Protein chains: 2
Amino acid sequence: MAAILEAGRRELAERGADGLSLRAVAREVGMVSSAVYRYVASRDDLLTALISEAYGAVADAAEHAASARTTPGRRFVRLCGALRTWGQEHPHEYALLYGSPVPGYHAPEATTDIATRTPRAAAALVQEAYDAGTLEVHEPGPPLGRVLAGQCAAMGEALGMSVPEPVVLRLAQAWTQVYGAISFELFGQLRNTFDPADAFAAHTFATAARHVGFTDL
Amino acid sequence: MAAILEAGRRELAERGADGLSLRAVAREVGMVSSAVYRYVASRDDLLTALISEAYGAVADAAEHAASARTTPGRRFVRLCGALRTWGQEHPHEYALLYGSPVPGYHAPEATTDIATRTPRAAAALVQEAYDAGTLEVHEPGPPLGRVLAGQCAAMGEALGMSVPEPVVLRLAQAWTQVYGAISFELFGQLRNTFDPADAFAAHTFATAARHVGFTDL
DNA sequence: CAGAATGCAAGAGCAGTGCTCTCTCTTGCG
DNA sequence: CGCAAGAGAGAGCACTGCTCTTGCATTCTG
């Protein structure tokens with residue numbers, strides 16, 4: 001069983017989700033294809049297991065980066081950098097988690113749950129800065145609107161935050177910016193423009209952090 | 001030939017890139033699979049043609065939204081909204097263009113070229129606002145760094161802009177934020193949080209526009 | 001200790017895929 | 001009228017996911 005998962009991990013890392021063939025996995029562990037169906041219900045089942053593993057792996061990287069001994073703002077930037085690095089090292093897994101959803105596959109609740117570990121790590125940093133008073137809470141421009149405010153409140157609670165709703169919104173926006181930049185780079189949208197995207201990424205992560213309100217960069 | 005392309009379009013829209021089967025396309029046009037190989041070199045070849053079409057379609061939508069009779073800032077926001085709407089109406093095509101790259105496929109230069117139409121439409125709005133003096137050019141915080149400044153200059157030129165490099169950078173960052181938000185929504189990352197994401201999208205597009213420097217929203 | 005029950009793997013087979021090769025038929029043109 | 005070119009058909013190869021049946025070995029039980 002563990003051997004099957006490990007072979008699946010290798011296949012996924014090398015050939016990607018589309019190329020993840022149950023028969024190839026079977027060959028790799030020295031079984032015939034029908035034999036692996038004793039351990040895994042279907043190809044999608046194996047994929048689900050690998051997705052869960054991958055979510056855990058990014059979260060590990062993110063949490064580790066967030067545990068550095070500096071200011072929350074700098075740890076936020078480090079967290080973003082860790083996401084990017086992980087994506088560069090595991091492009092197929094990143095695509096699986098944050099790219100186009102696979103054809104007929106629908107993530108079960110369990111993976112939806114584990115997927116929140118990473119944003120929770122970021123949220124904790126925001127909360128820490130807010131509590132320490134180093135988070136700049138911008139004067140509210142236009143008020144948020146009923147639905148948006150409600151969604152932000154719910155999201156803040158889900159992430160374990162107790163901050164004003166606009167702060168949650170800014171975090172969400174920064175989050176989309178960070179992932180947008182990483183995805184653009186990894187998916188080849190930045191080719192011929194920011195080709196070594198290191199500087200662009202670093203600058204964007206800092207911008208995102210400032211947008212959230214971090215003043216301790 | 002045109003029938004094949006049309007059938008491919010339908011298949012792609014319904015079943016997605018992974019489900020795009022050349023045999024199914026053949027069935028749909030009432031041919032046997034080997035016959036369509038007279039018109040299309042391979043499955044990837046058909047996919048490439050469809051990708052080019054799709055790039056043109058988004059660009060059409062973007063340019064149409066950008067041609068409204070209001071201020072550049074508002075047209076920028078409308079453009080973002082058009083991207084989102086197009087993505088909602090053509091989720092599989094959107095995933096093909098901006099999601100995880102397909103397995104062994106590498107976009108030929110031609111599609112890379114047509115892909116710039118959409119960002120060029122956005123760039124034109126920025127240029128227009130800059131020329132009109134309604135674009136706020138933020139005081140430069142930390143200077144940009146050699147590589148980043150060079151990349152921004154090249155990118156600005158490729159997009160037909162003549163504005164300071166930081167403006168180009170801010171546009172690129174806003175761009176990643178916009179696409180990040182749209183992709184997050186379309187790829188299901190926002191489920192259980194911003195579930196009807198209309199308000200979030202609208203707010204984020206406005207935020208992106210302000211980040212670029214538009215003051216005429 | 002003998003026999004039954006259980007678990008694991010193999011094999012064959014079905015329906016589908018991309019793609020190639022050969023063959024036939026129709027159509028247009030000199 | 002005859003010939004060449006093009007369009008489609010058919011068979012076939014190697015691959016995929018998945019199911020069902022069969023065989024073997026281990027383990028549990030009377």
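Chain identifiers are assigned alphabetically (A, B, ...) following the order of the sequence lines, protein sequences preceding nucleic acid strands; residue numbering begins at 1 within each chain. Keep in mind that what you see is a predicted model, and the values were worked out from it rather than measured.
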Could you check whether the side chain of Arg43(B) and the base of dG18(C) have a donor-acceptor pair of N or O atoms closer than 3.5 Å, going by distance alone?
no
Of the nucleotides dA9(D), dA10(C), dC19(C), which has the atom closest to the Ser42(B) side chain?
dC19(C)
If you check every side-chain atom of Tyr37(A), which of dG17(D), dA10(C), dG10(D) has the closest atom?
dG17(D)
Hey, does Leu20(B) reach any base, or is it just sugar-phosphate, or nothing, if we go heavy atoms under 4.0 Å?
sugar-phosphate
Please verify the inter-ring angle class for Phe200(B) with Phe194(B); under 30° counts as parallel, over 60° as perpendicular, anything in between as tilted.
parallel
Just checking Ser33(B): base, sugar-phosphate only, or nothing, at a heavy-atom cut-off of under 4.0 Å?
base
From the candidates dC18(D), dG8(D), dA9(C), the one with an atom nearest any side-chain atom of Tyr39(B) is dG8(D)
When rounded to whole Å, the CE to P distance for the pair Met1(B) and dG6(D) reads 16 Å
Round to the nearest Å and state the distance from Ile4(A) atom CD1 to dC8(C) atom C1'.
11 Å
Against the side chain of Ala35(A), the closest entry in dA10(C), dC18(D), dG12(D) is dA10(C)
Indicate yes or no: at least one non-hydrogen side-chain atom of Leu144(B) is less than 4.5 angstrom from one of His203(A).
yes
Check: Arg23(B) side chain, dG16(C) base, donor-acceptor under 3.5 Å:
no
Take atom CZ of Arg15(B) and atom C1' of dT17(C), then tell me their distance rounded to the nearest Å.
14 Å
Phosphate OP1/OP2 of dG18(C) contacted by Ser21(B) side-chain N/O (<4.0 Å):
yes
Would you kindly give the CG-to-P distance between Asp18(B) and dG18(C), to the nearest whole Å?
12 Å
Using the ring of each side chain (for Trp, its six-membered ring), is Tyr94(B) parallel, tilted or perpendicular to Tyr179(B), with breaks at 30° and 60°?
parallel
Please state how far atom CZ in Arg38(B) lies from atom C1' in dT24(C), giving the value in whole angstrom units.
12 Å
Output the single nucleotide from dC20(D), dC19(C), dT17(C) whose closest atom is nearest the side chain of Arg27(B).
dT17(C)
Checking contacts here: which listed nucleotide (dC19(C), dG17(D), dA10(C)) is nearest the side-chain heavy atoms of Leu22(A)?
dG17(D)
Donor-acceptor pair, side chain of Ser33(A) and main chain of Ala26(A), under 3.5 angstrom
no
Identify the heavy atoms of Arg170(A) and Val212(A) that sit nearest to each other, and give their distance.
O-CG2, 4.0 Å
Whole Å only: how far is the CG atom of Asp45(B) from the C1' atom of dT20(C)?
16 Å
